[in-house]
Amino acid sequence: MLWLFVFVLAWIPFVRGDGQQPIMNSVPHRVPTIYNGSSVDPQQSCPGYMATSVKEIPGIGFSATLELNGPACNAYGTDIDKLSLTVEYQNVRRIAISITPKRLTRENESYYDLPEDAVLKGYMEPEGGKENSEFVVDWSNDPSFWFNVRRKDNGDVLFSTQGFKLVFENQFFEFKTHLPSGHHVFGLGENLGDFRIKPDTVRTLYNADVPDLVGGNLYGTHPMYLEQRFGTPAQSHGVYLRNAHAQEVLVGATYLTWRGLGGSIELYVFAGPQPRDVIQQYEEVIGYPGLQPYWSLGFHQCRWGYSSVDDLKTVARKYRESDIPLETLWSDIDYMDRRRDFTYDKEKYPLADFRSFVDDLHAKGQHYVPIVDAAIYAPQSEDEDYPPFRRGIHSDVFVKNPDGSPFVGKVWPGPAVFPDFLAFNTPGWWLGELHRFHSDIRYDGIWLDMNEVSSFCTGRDCGISDAVVEDSAPNGVFSNGTIARVPHPNARNLDHPPYVINNTVAPGELGSRTMPPSSIHAGGIAEYDWHNLYGFQEAKTTFVALSQEIHPGKRPFIISRSTFAGSGKFTGHWGGDNWSSWDYLRYSITQGLSFSMFGMPFFGTDTCGFKGDADKELCNRWAQLNAFFSFYRTPNDIGPASQEFYEWPSVAEAAQKAMEIRYWLFPYLYTLLYTSHEHGDTFLRALSWDFPDEERLSGMETQFMVGPALMVAPVLTPGATSVDVTFPYAEWYDWYTQMNVNATDEVQTFDAPLGHIPLFIRGGSVLALQEPGYTVAESRNGAWELLVALDEEGDASGDLYIDDGESMNPFSYSYTAFYVCHGGVHSDFRGSLTNINELKAITILGMPSKPKELRFNEEVLPDSMYKYNDTSSVLNVKFTDHRTQGKNWLDNLELEWTL
Ligand SMILES: *[C@@H]1O[C@H](CO)[C@@H](O)[C@H](O)[C@H]1NC(C)=O
Ligand SMILES: *[C@@H]1O[C@H](CO)[C@@H](O)[C@H](O)[C@H]1NC(C)=O
Ligand SMILES: *[C@@H]1O[C@H](CO)[C@@H](O)[C@H](O)[C@H]1NC(C)=O
Ligand SMILES: *[C@@H]1O[C@H](CO)[C@@H](O)[C@H](O)[C@H]1NC(C)=O
Ligand SMILES: *[C@@H]1O[C@H](CO)[C@@H](O)[C@H](O)[C@H]1NC(C)=O
Ligand SMILES: *[C@@H]1O[C@H](CO)[C@@H](O)[C@H](O)[C@H]1NC(C)=O
Ligand SMILES: CC(=O)N[C@H]1CO[C@H](CO)[C@@H](O)[C@@H]1O
């Protein structure tokens with residue numbers, strides 16, 4: 001406290017005479033600052049910078065030194081007097097602008113430079129350089145340093161700090177860029193709210209265990225935005241700030257203010273020009289998403305409150321009896337002995353019984369995924385042995401207090417310590433624990449929870465004595481100097497930084513219900529600098545453990561609550577602890593679209609809601625909506641009434657109907673996961689991404705696309721029995737009637753009684769479908785059908801990727817492109833995996849008339865094998881003679897017609 005006081009006094013002389021009072025009468029300052037008119041506006045009080053020693057770097061870009069352009073303002077920390085600026089034209093459509101402190105000493109060590117082995121970064125590529133770039137960067141020192149990034153071809157300024165000051169302090173930075181009025185900005189998560197960010201919205205990025213509060217910071221941090229501009233031509237660009245500190249972004253009406261509590265300003269601008277290009281270019285920097293195992297597309301059931309192995313057995317049995325496909329059963333913390341990771345409740349989950357239940361699921365082709373919480377129970381007496389803790393202490397793997405003792409918080413098991421995923425020994429220890437667990441229970445994936453990281457108390461004042469912890473430590477492990485450096489006493493105020501963010505958990509308190517920011521990770525890294533990366537690093541460590549040792553060579557299946565830019569490489573995500581309410585049903589779509597943008601295609605919200613009782617109408621709609629998300633899971637909190645789909649006949653029926661469609665679509669959905677992984681493509685899509693010229697579609701959050709071919713228009717309000725559907729300019733066919741809907745730019749109303757979800761196929765698509773079985777494995781053996789929806793020209797295309805569904809590097813695979821042109825369906829097959837399940841039928845929507853002749857692989861088909869419906873214009877071919885059985889029909893398929 002004393003030094004803080006000195007600190008405050010020391011900066012008074014530097015505050016400029018602009019009538020603004022510095023924040024000095026409230027130490028620590030605890031109120032949100034961004035809207036507070038009486039706190040310092042750094043744009044007014046700070047001097048900005050001047051660029052000096054500007055140097056062209058041939059083939060790369062340029063560099064400069066930025067020097068403080070006047071007396072320091074020390075608005076929310078200590079100004080850094082000299083900064084390095086580098087501008088790299090990394091490739092044709094990506095530019096990187098980096099601003100970092102030039103010299104660092106212990107005294108003013110202001111920032112933690114995000115290591116590239118922690119979070120990927122973009123590099124210069126061979127086709128980079130100023131000449132090839134689609135961008136031009138302008139800069140000037142008038143009246144202080146600013147820069148802008150514009151498109152070379154049409155001069156459109158995409159990012160411009162002109163007229164704004166750059167502020168760079170040891171615990172604060174700020175930059176601002178102009179936005180066009182009426183802007184279309186998306187991203188900046190994790191957040192629950194409008195998809196298109198309205199003017200005067202503040203997005204706070206600070207990972208927190210908050211049950212899906214609207215508008216506040218949530219579990220993860222994704223510091224990127226996409227801006228769509230609907231000029232001629234319509235073009236989009238994106239901006240990513242590679243920074244993991246607590247941040248606040250104010251999206252104003254005509255400008256955007258980006259503030260953070262540390263780190264460097266490492267900006268990437270992506271040229272697009274279409275939204276999906278921007279997402280792909282962003283993913284080139286953060287890493288393309290990992291490929292999920294095929295079985296992950298099946299339906300997942302979960303709840304907190306399956307209090308025994310018998311409960312699990314009952315749920316599995318009832319799903320089967322109700323003929324509702326169940327692929328994977330999940331366990332929340334119920335299975336644990338006193339809620340401790342890697343233990344089993346001896347009475348309710350006796351190990352032998354538990355294990356044989358899981359083995360039995362496997363025998364039936366089903367899967368099992370347990371939860372693992374981040375926190376590790378810390379025994380409170382020396383007599384109590386909790387081996388994961390004992391081994392962890394021995395290996396020195398827990399996050400520490402500044403004095404070198406492990407930090408003890410409180411989570412589900414009570415007093416708990418937190419694995420430090422940065423410590424040298426942690427991956428080995430974590431692998432060991434996961435491995436032992438797997439030799440007990442042959443789980444198929446891991447559910448990572450509470451990893452923001454969540455603690456139920458604040459700071460070190462958790463009412464827990466840590467004496468036992470210290471006593472149980474092997475001699476000298478805690479305070480022998482393993483901590484590389486304790487922060488210099490005159491450096492930063494980590495627990496109460498001068499700038500205050502509006503942390504939902506407790507405004508202004510970074511350490512509320514998590515570790516104190518002054519806790520120390522290996523290498524002396526402060527929690528302050530690492531907080532937003534905890535769950536990211538945990539998922540990465542778990543990914544390595546699963547793929548290398550536990551399921552060697554196979555794709556890990558991980559779902560993590562906390563995420564950061566790039567988490568998609570390692571894990572999927574669910575929408576968090578939502579509520580069984582219509583609002584949260586609706587937010588599922590914006591959450592799903594946002595995570596598509598964040599490079600996390602494997603996403604789903606909690607179907608029917610987590611908290612509160614779901615009613616059967618809500619659950620009916622939700623069961624059908626989420627059937628079109630990549631991750632389809634129903635969970636439940638411990639309190640509410642059961643909401644397994646079989647609980648209500650009407651919900652069971654609705655789920656069966658939607659699941660039947662989903663399961664037929666597996667080959668298409670899996671191909672989407674594959675193209676997302678391989679090319680940075682997207683699974684769920686906003687309408688305006690696939691139809692980027694149509695401004696009317698911007699921000700639409702009531703309908704969405706699943707890949708290029710399907711559009712879903714769900715019911716999102718109680719009591720409704722119809723949906724008003726907006727159709728982008730294309731041909732559209734109703735999934736159910738298979739008829740062209742004659743889309744116009746008028747909104748069309750479609751019947752949607754309970755149990756029906758309007759679904760449309762875009763003309764120009766070819767979908768490979770497979771007859772579903774109860775499990776994913778059975779479905780993969782089903783017979784094939786092709787569904788072709790013709791566009792205006794009578795053309796269509798589609799693709800299909802097949803592999804073994806589980807290997808990291810499949811030994812063989814195939815990729816087939818289908819295309820329809822000149823009166824025929826053709827395929828182009830590549831790869832070595834031959835598929836011998838027969839093709840049973842080909843259905844063609846939008847066929848203008850009955851063909852006079854139909855030839856399959858050059859043989860004329862008998863009349864009996866096809867039917868044409870004049871009313872719906874559908875041609876239906878059925879290979880009743882099983883002519884493709886045992887053949888790799890994907891290779892050189894030809895169905896030609898003469899009209
Ligand atoms: C704004 O900041 C001042 C100065 O720190 C503080 O006294 C005041 O309570 C804050 N106002 C609000 C509304 O938070
Ligand atoms: C850090 O402090 C030293 C003196 O302690 C000073 O010379 C230097 O300019 C400071 N560096 C920055 C980046 O502010
Ligand atoms: C802080 O965030 C909450 C949402 O978490 C919001 O309701 C509140 O208005 C915000 N306060 C300020 C001052 O921005
Ligand atoms: C502290 O212990 C670690 C290993 O636990 C060792 O690497 C390090 O050298 C020790 N430091 C001191 C100062 O003894
Ligand atoms: C033709 O299609 C329409 C619309 O889907 C349907 O109502 C009708 O039953 C079909 N006719 C035949 C003969 O299948
Ligand atoms: C679309 O228009 C065609 C021709 O005008 C008509 O035959 C068909 O019934 C219409 N379809 C629908 C679903 O209205
Ligand atoms: C944390 C939160 O936002 N809770 C809300 C979730 O939704 C329910 C029902 O709409 C509200 O009652 C909660 O306040």
J.: Does some side-chain heavy atom of C73 sit less than 4.5 Å from a side-chain heavy atom of P47?
T.: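 The answer is yes; the side chains approach within 4.5 Å.
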J.: May I ask you to check whether over 12 heavy atoms, not counting those of K130, lie within 6.0 Å of atom NZ?
T.: no
J.: Side chain of R229, backbone of H183: donor and acceptor closer than 3.5 Å?
T.: no
J.: Does the gap between the ring centers of Y240 and Y268 come in under 6.0 Å?
T.: yes
J.: So, does K165 use its side chain to make a donor-acceptor pair with the main chain of C46 at under 3.5 Å?
T.: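 Yes, K165 side chain to C46 backbone: donor-acceptor pair under 3.5 Å.
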J.: Any sub-3.5 Å donor-acceptor pair from N170's side-chain atoms to T78's backbone N or O?
T.: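 Yes: the side chain of N170 pairs with the backbone of T78.
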J.: So, does E538 use its side chain to make a donor-acceptor pair with the main chain of F421 at under 3.5 Å?
T.: no
J.: State, yes or no, whether a side-chain contact exists between E169 and P42 at a heavy-atom distance under 4.5 Å.
T.: no
J.: State, yes or no, whether a side-chain contact exists between Y288 and Q280 at a heavy-atom distance under 4.5 Å.
T.: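 SC-SC contact between Y288 and Q280 confirmed.
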J.: Return the OH to CG distance between Y225 and L188, rounded to the nearest 0.5 Å.
T.: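 Output value for this atom pair is 8.0 Å.
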J.: Mind listing the closest non-hydrogen atom pair of R242 and V119 along with its distance?
T.: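 Distance-wise, the nearest heavy atoms are NH2-O, 2.5 Å.
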J.: Taking side chain to side chain donor-acceptor pair (under 3.5 Å) as the criterion, tell me which of H245, R492, Q171 meets it with Y528.
T.: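 Single pass found, and it is Q171.
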J.: For M124 versus Y89, what's the shortest heavy-atom pair and its separation?
T.: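 Looks like CE-O, 3.3 Å.
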J.: Does either side chain, that of S688 or that of Q228, offer a donor lying less than 3.5 Å from an acceptor on the other one?
T.: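 Yes, side-chain donor-acceptor contact under 3.5 Å.
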J.: Under 3.5 Å, side chain of N401 to main-chain N/O of D403, donor-acceptor pair present?
T.: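 Here the side-chain-to-backbone pair does not exist.
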J.: Heavy-atom count around F424 CZ within 6.0 Å, excluding the residue itself: above 12?
T.: no
J.: Taking side chain as C-beta onward, heavy atoms only, is N154 less than 4.5 Å from Q235?
T.: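 They are in contact (side-chain heavy atoms under 4.5 Å apart), so the answer is yes.
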J.: Can you check whether F407 reaches P516 side chain to side chain, under 4.5 Å on heavy atoms?
T.: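 Yes - at least one pair of side-chain heavy atoms lies under 4.5 Å apart.
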J.: With no hydrogens and no angle check, do the side chains of Y76 and E174 hold a donor and an acceptor under 3.5 Å apart?
T.: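 No pair is found: no donor N or O on one side chain lies under 3.5 Å from an acceptor on the other.
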J.: Regarding E190 and H222, do their side chains bring together a donor and an acceptor under 3.5 Å, going by distance alone?
T.: no
J.: Taking all non-hydrogen atoms of both residues into account, name the closest pair between P517 and D495 and its distance.
T.: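 Heavy atoms of P517 and D495 come nearest at CD-OD1, 3.0 Å.
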J.: Output, in order, the C-alpha distance, side-chain angles, deciding distance and verdict of side-chain contact (heavy atoms from CB on, under 4.5 Å) for I97 and L85.
T.: CA-CA 7 Å; I97 298 162; L85 165 78; 3.9 Å; yes
J.: Are R196 and F186 close enough that some pair of their side-chain heavy atoms sits under 4.5 Å apart?
T.: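 SC-SC contact between R196 and F186 confirmed.
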J.: Are N503 and S512 close enough that a side-chain donor and a side-chain acceptor fall under 3.5 Å?
T.: no
J.: Please answer whether the main-chain N or O of V453 pairs with a side-chain N or O of T514 as donor and acceptor at a distance below 3.5 Å.
T.: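 Checked: pair present.
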J.: Could you walk me through whether D209 and R513 pass the salt bridge (Lys or Arg N to Asp or Glu O under 4.0 Å) test, one step at a time?
T.: CA-CA 8 Å; D209 174 5; R513 293 173 65 89; 5.0 Å; no
J.: Is it the case that atom CZ in F62 sees more than 12 heavy atoms from other parts of the structure closer than 6.0 Å?
T.: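 Yes, enclosed.
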J.: Counting N and O atoms only, with roles assigned by atom type, does the side chain of T161 sit under 3.5 Å from a partner on the main chain of T177, one being a donor and the other an acceptor?
T.: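 Side chain of T161 to backbone of T177, a donor-acceptor pair under 3.5 Å: no, none is there.
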J.: Could you go through the side-chain contact (heavy atoms from CB on, under 4.5 Å) check for L166 and L83 one step at a time?
T.: CA-CA 11 Å; L166 170 67; L83 306 170; 4.1 Å; yes
J.: Atom CG in L533, atom CG in N207: separation rounded to 0.5 Å?
T.: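 It is 8.0 Å, given to the nearest 0.5 Å.
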J.: Can you measure from CG (D153) to CZ (F135) and round to the nearest 0.5 angstrom?
T.: 10.5 Å
J.: Find the distance between CD (E227) and CG (L158) and round it off to the nearest 0.5 Å.
T.: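 The CD atom of E227 sits 7.5 Å away from the CG atom of L158.
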J.: Quick one: does T504's side chain get under 4.5 Å of T204's, heavy atoms only?
T.: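 Counting from C-beta outward, T504 and T204 never come under 4.5 Å.
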J.: For residues H573 and T563, is any side-chain donor paired with an opposing acceptor at under 3.5 Å?
T.: no
J.: If you look at every heavy atom in I80 and P101, which pair is closest and at what distance?
T.: CG2-CB, 3.9 Å
J.: Can any side-chain N or O of D79 pair as donor or acceptor with the backbone N or O of N74 at less than 3.5 Å?
T.: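 Such a contact is found between D79 side chain and N74 backbone.
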J.: Look up atom CH2 in W146 and atom CD in Q162, then write down how far apart they are to the nearest 0.5 Å.
T.: 3.5 Å
J.: Take a 6.0 Å sphere around NZ of K152 and say whether it holds more than 12 heavy atoms from other residues, nucleotides or ligands.
T.: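 More than 12 heavy atoms, drawn from other residues, nucleotides or ligands, come within 6.0 Å of this atom.
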J.: Could you please spell out the steps behind the side-chain contact (heavy atoms from CB on, under 4.5 Å) verdict for I265 and L241?
T.: CA-CA 7 Å; I265 298 177; L241 181 67; 4.0 Å; yes
J.: Quick check: F147 with F159 (ring centres under 6.0 Å apart)?
T.: yes
J.: Can you name the nearest heavy-atom pair linking N243 to G262, along with the distance?
T.: ND2-O, 2.9 Å
J.: Does a side-chain heavy-atom distance below 4.5 Å link D138 with R150?
T.: yes
J.: Check W530, F570, F564 against Q537 for a side chain to side chain contact (heavy atoms under 4.5 Å, CB included) and give me the one that passes.
T.: W530
J.: Once you round to the nearest 0.5 Å, how far does CG of L226 lie from CE of M597?
T.: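 Rounded to the nearest 0.5 Å, the CG-CE separation comes out at 6.0 Å.
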J.: For residues F164 and H178, establish whether the separation of their ring centroids is below 6.0 Å.
T.: yes
J.: Please evaluate residues R93 and E134 with respect to the criterion salt bridge (Lys or Arg N to Asp or Glu O under 4.0 Å), reporting the C-alpha separation (whole Å), side-chain torsions for both, the decisive distance (0.1 Å), and the verdict.
T.: CA-CA 6 Å; R93 289 176 169 172; E134 291 190 0; 2.9 Å; yes
J.: V87 and side chain to side chain contact (heavy atoms under 4.5 Å, CB included): which partner among V137, V149, I99?
T.: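 Looking at V137, V149, I99, the match for V87 under the side chain to side chain contact (heavy atoms under 4.5 Å, CB included) is V137.
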J.: Can you tell me how the ring of F595 sits relative to the ring of F598, calling it parallel under 30°, perpendicular over 60° and tilted otherwise?
T.: perpendicular
J.: Please work out whether the ring planes of H521 and Y534 are parallel, tilted or perpendicular, with thresholds of 30° and 60°.
T.: tilted
J.: Stepwise, does the side-chain contact (heavy atoms from CB on, under 4.5 Å) test hold for H531 with L510?
T.: CA-CA 9 Å; H531 176 83; L510 294 180; over 6 Å; no
J.: Please report the closest heavy-atom contact between V54 and A64, naming both atoms and the distance.
T.: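 Looking at all heavy atoms of both residues, the shortest contact is CG2-CB, 3.8 Å.
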J.: Please determine, by modelled atom types, if S144 and N69 share a side-chain donor-acceptor pair under 3.5 angstrom.
T.: no
J.: Is a donor on one side and an acceptor on the other found under 3.5 Å between the side chain of Q247 and the backbone of P223?
T.: no
